[in-house]
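Here is the structure we will look at, set down as structure tokens.
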Amino acid sequence: MRLSEFYIPTLREAPGEAQIPSDKLLRRGGFIRPLAAGVFSYLPLGYIVLDRVEQIVREEMNAAGALELFMPVMQPRELWERSGRWDTFEPQPIRFKDRSGREFCMGPTHEEVITSLIAEDVTSYKQLPMTVYQIQTKFRDELRARGGLIRVKEFLMKDAYSFDMDRDGLDQSYEKMYDAYVRIFERCGLSTEIVRADAGSMGGFDTREFMATSENGEDTIYKCDSCDYASNAECAACRAPEPAEQPAGLATAPEIVSTPGAKSIEAVTQLLGMNADRLVKTLLYSTADGFVAALVRGDRDLNEAKLATSLQAPDLQMATDAQVEELTGAEVGYAGPVGIDDRVRIVADHEIAAMHDFVVGANRTDAHLMGVNVGKDFQLDDYLDLRNAEDGDACPQCAQGKLYGLRAIEIGHIFKLGTRYTEALDGLVQDESGQQRPMVMGCYGIGVSRMIAAIVEQSHDERGIIWPRSVAPFEVVVLLLDPHEDELCRIADGLHDQLQEMGVRVLLDDRPERAGVKFHDAELVGYPLRAVIGKRTKETGQIELQRRRDGVDDTVNVDTAADTVVEMLQDL
RNA sequence: CGGGGCGUGGCGCAGUUUGGCUAGCGCGUCGGCUUUGGGAGCCGAAGGUCGCCGGUUCGAGUCCGGCCGCCCCGACCA
């Protein structure tokens with residue numbers, strides 16, 4: 001390909017709204033352009049990269065025995081009502097009606113479609129196991145798109161679905177996908193961590209996320225410094241502390257103290273002159289089964305996902321101000337477990353067990369209680385793991401490890417779904433004994449477009465992108481510095497043609513630009529290898545080769561240049 | 001949706017506080033001459049409903065009201 005016949009509109013400066021390196025560089029380099037917040041076009045260069053990534057995903061999925069198919073973006077409301085997700089899926093799908101008034105959504109995912117599709121024709125265990133996948137644009141009505149290609153409203157996703165007769169079969173299908181994912185991300189040059197994760201609105205178990213580590217990631221993951229424990233922060237477990245010895249001489253009764261206007265932990269600590277770890281926060285939630293008060297140490301954050309999971313209350317919601325006032329008899333900000341409405345179930349984080357003589361809200365406006373103790377002053381329904389993990393926490397899995405946090409971009413997510421969708425959508429097949437049984441499903445997603453952002457986040461420098469060869473838009477760029485010199489043009493054309501015949505993806509920069517422009521563009525766009533043909537070539541008969549990644553270079557004769565290029569590409 | 005910031009030729013910005021004449025600068029683009037191995041120099045040119053609507057005023061990029069869009073933090077989230 002000749003650059004004079006291609007289209008790479010590079011920008012010397014990044015648009016002001018681009019904040020993170022991947023967004024700045026992909027836009028400056030002429031890969032993508034925004035159309036609206038979280039909606040992007042892929043220019044020819046960006047589309048090549050997208051296609052490269054897609055092909056790697058496709059090859060590994062095919063190698064794992066998955067079959068590619070292609071499903072619609074628009075999905076009818078009735079289908080989603082059968083699975084019960086029309087009103088509950090978060091974020092809410094983008095919806096619309098056709099002219100006859102029939103309702104659709106722009107598919108944010110395809111469990112419903114694939115399950116009904118497979119259910120139509122698969123009727124026997126003899127047709128299983130089966131794993132199918134597609135690479136399709138998905139739509140999510142994000143409350144806030146951000147971070148260039150990282151969090152968008154419209155994006156390319158590979159989604160795969162496995163169908164098995166039983167849990168053992170599912171386990172095997174899941175393993176295959178897990179292994180394929182490891183290979184896919186490795187081939188794309190991504191450094192990833194595989195972590196435990198929350199299933200969210202998909203519903204599922206044994207879920208694992210593949211996280212590309214990056215300081216610009218939106219997720220936090222925790223890893224153990226001594227064992228293999230790794231988890232998304234949203235579900236990282238906390239080890240219950242060793243039971244503390246209850247000191248003699250506990251307060252005999254709580255003492256009420258006046259704390260006017262102190263509605264936050266911060267305010268209470270200042271007023272009473274004590275650390276937040278002597279306080280207990282009381283957070284009120286409503287669930288389908290009634291109200292719950294969740295207690296965590298004052299300096300900790302409650303993890304709602306963990307609370308919802310341990311209460312088995314997926315509909316968990318923070319109580320409204322009115323509900324809080326009704327249950328506590330006080331303004332919001334003074335809730336406590338002592339004397340709260342007896343309809344409220346009280347659960348506490350494990351750490352509370354190690355506390356004594358602590359401070360809680362008094363269920364009275366402008367007042368707190370000091371010297372409060374579990375068992376004496378109020379009864380607890382349960383101790384649970386409720387708080388967010390923090391840097392330095394003891395590892396929940398091994399004895400000696402400590403957790404440390406990393407930022408990361410979620411690029412893959414695999415779940416075991418079970419029979420939730422096949423039961424709702426009649427995904428039944430006959431087993432060996434002629435019994436109708438719901439197929440057991442797994443689902444497996446990869447954010448293909450998001451991977452591009454992750455790759456750039458992990459592989460760039462101050463000058464531009466450094467593409468891994470596997471996904472680079474071109475493997476080598478040939479810079480013809482003097483396009484007016486016939487002899488040099490012949491050499492450049494020759495190298496270009498020769499490389500192309502050898503199967504190398506080569507771009508010839510034959511533009512009538514100055515050398516500096518060509519060097520800068522080449523570094524910005526990030527071709528793994530660069531060949532320079534200029535006046536030195538005329539003088540010495542040599543071509544200069546340089547690797548983008550580490551600047552390692554070589555000077556070779558014109559007639560051996562192509563072979564050396566191929567050799568140098570081996571390591572990239 | 002809460003808080004903050006921004007919106008001026010393709011890109012980056014100044015000008016808005018304190019209203020005033022033909023709305024500037026750098027980059028890019030087009031033409032010419034020179035230059036030619038790290039974003040060149042000179043000369044000339046094109047390109048702007050100052051986000052939109054309404055209002056105040058002799059006069060609005062600038063003041064007032066409403067709306068829209070974009071970015072960041074939060075809430076939320078495969």
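Bear in mind the structure is a predicted one, so any value in this text is a computation, not a measurement. Order of the sequence lines fixes the chain letters, A, B, ..., with proteins taken first and strands second; residue numbering starts at 1 for each chain.
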Between Y174(A) (side chain) and D206(A) (backbone), is there a donor-acceptor pair under 3.5 Å? yes
Looking only at N and O atoms, is any donor in the side chain of E513(A) or the base of rG39(B) less than 3.5 Å from an acceptor on the other one? no
In whole Å, I'd like the distance from the NZ atom of K24(A) to the C1' atom of rC70(B). 16 Å
When rounded to whole Å, the CD to P distance for the pair Q542(A) and rG37(B) reads 18 Å
Would you classify A197(A) as touching base, sugar-phosphate or nothing, given that sugar-phosphate means primed atoms plus P, OP1 and OP2, and contacts are heavy atoms under 4.0 Å? nothing
Would you mind classifying the nucleic acid contact of E209(A) as base, sugar-phosphate or nothing, using non-hydrogen atoms under 4.0 angstrom? nothing
For RNA chain B, whose closest nucleotide is more 5', that of H484(A) or that of P15(A)? P15(A)
Pairing partner (Watson-Crick or G-U wobble, both distances under 3.5 angstrom) of rG74(B): rC1(B)
Could you please name the partner base of rC6(B), counting Watson-Crick and G-U wobble pairs only when both distances are under 3.5 Å? rG69(B)
So A14(A), base contact, sugar-phosphate only, or nothing? Heavy-atom distance under 4.0 Å. sugar-phosphate
Could you tell me the separation between the CZ atom of R514(A) and the C1' atom of rU34(B), rounded to a whole number of Å? 11 Å
Counting any heavy atom closer than 4.0 Å, what does G445(A) reach on the DNA or RNA strands: base, sugar-phosphate only, or nothing? nothing
Between OG on residue S83(A) and CZ on residue R420(A), distance to nearest 0.5 Å: 7.0 Å
rA78(B) OP1/OP2 closer than 4.0 Å to side-chain N/O of R140(A): no
Name the nucleic acid region contacted by E142(A), choosing base, sugar-phosphate or nothing; use a 4.0 angstrom heavy-atom cut-off, strictly under. nothing
From CG of L481(A) over to C1' of rU35(B), roughly how many Å is that when rounded to an integer? 15 Å
Under-3.5 Å donor-acceptor pair between D482(A) side chain and rG37(B) base: no
With centres under 5.5 Å and planes under 30°, do H520(A) and rG39(B) count as stacked? yes
Test your reading of the model: is there a side-chain donor-acceptor pair from R2(A) to the backbone of L507(A), 3.5 Å cut-off? no
Find the distance K153(A):NZ to rC71(B):C1' and express it as a whole number of Å. 13 Å
Please report the distance, rounded to the nearest Å, between CZ in R146(A) and P in rG69(B). 18 Å
Quick one, V73(A) and Q136(A) - any side-chain contact, counting heavy atoms below 4.5 Å? yes
Is there a donor and acceptor pair, one atom on the side chain of R511(A) and one on the base of rG39(B), closer than 3.5 Å? no
When you check the phosphate oxygens OP1 and OP2 of rC11(B), does a side-chain N or O of R27(A) lie under 4.0 Å from one of them? no
Have a look at F210(A) and say if it touches a base, only the backbone sugar-phosphate, or nothing, with a 4.0 Å heavy-atom cut-off. nothing
Need to verify one output field. Residue with the more 5' nearest nucleotide on RNA chain B, G147(A) or R12(A)? R12(A)
Using Watson-Crick geometry (N1-N3 plus N6-O4 or O6-N4) or G-U wobble (N1-O2, O6-N3), each under 3.5 Å, rU29(B) is paired with rA45(B)
note: E218(A), atom CD; rC72(B), atom P; distance rounded to Å ~ 10 Å
Exactly one of E523(A), R548(A), R547(A) clears side-chain contact (heavy atoms from CB on, under 4.5 Å) with R530(A), and that residue is E523(A)
